[in-house]
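Basis for what follows: all heavy atoms, side chains included, without hydrogens, waters or symmetry-related copies.
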Amino acid sequence: MTQSPKNMSALMCELSVALAELSEKMSNLSVTLENSYLESNAPESAAMLEAARETIEKARSS
């Protein structure tokens with residue numbers, strides 16, 4: 001079952017667009033969750049908050 005190069009190219013373009021859209025949606029979700037977490041008034045220890053901030057910074061830099 002072989003695909004012609006033209007069909008494969010079209011499929012790869014569709015995949016690339018879908019992955020770009022997914023990446024943008026995941027980024028938006030990440031920002032929303034980050035803001036929600038940081039704005040929540042849940043009682044957290046200082047160590048827990050610092051660990052969360054470090055994780056967020058690592059994610060931003062990668």
Side-chain angles (χ1 to χ4, degrees):
M1 181 167 39
T2 60
Q3 296 279 334
S4 72
K6 186 176 180 180
N7 287 343
M8 287 300 290
S9 179
L11 288 173
M12 292 303 289
C13 285
E14 284 185 49
L15 178 59
S16 178
V17 169
L19 288 173
E21 290 173 358
L22 177 61
S23 176
E24 182 179 351
K25 289 178 182 178
M26 292 299 291
S27 178
N28 292 341
L29 176 60
S30 174
V31 168
T32 300
L33 290 173
E34 173 189 349
N35 291 337
S36 175
Y37 177 78
L38 293 176
E39 291 172 0
S40 73
N41 291 326
E44 300 286 348
S45 68
M48 191 80 140
L49 289 173
E50 185 59 30
R53 287 188 177 101
E54 287 176 9
T55 301
I56 290 166
E57 287 305 314
K58 285 180 187 176
R60 282 183 177 158
S61 65
S62 59

Check salt bridge (Lys or Arg N to Asp or Glu O under 4.0 Å) between Glu34 and all other residues, then give those that pass, not counting sequence neighbours.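 Once residues adjacent in sequence are excluded, the partners of Glu34 under the salt bridge (Lys or Arg N to Asp or Glu O under 4.0 Å) criterion are Arg60.
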Would you mind listing the cluster partners of Val17? Hydrophobic ones only (ILVMFWY), side-chain contacts under 4.5 Å, chaining allowed.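 Besides Val17, the cluster holds no residue at all.
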Spacing of [X] atom [atom1] and [Y] atom [atom2] [to the nearest 0.5 Å]:
X: Ser40; Y: Asn35; atom1: OG; atom2: CG; value: 11.0 Å
X: Lys58; Y: Glu54; atom1: NZ; atom2: CD; value: 6.5 Å
X: Ser61; Y: Ile56; atom1: OG; atom2: CD1; value: 12.0 Å
X: Ser4; Y: Asn7; atom1: OG; atom2: CG; value: 3.5 Å

So which pairs with a foot in residues 9-29 pass salt bridge (charged side-chain N to carboxylate O under 4.0 Å, His left out), sequence neighbours left out? none
Is the backbone of Ser23 close enough, under 3.5 Å, to the side chain of Ser27 for a donor and an acceptor to pair up by distance? no
Spell out, as yes or no, whether a donor-acceptor pair under 3.5 Å connects the side chain of Ser16 to the backbone of Met12. no
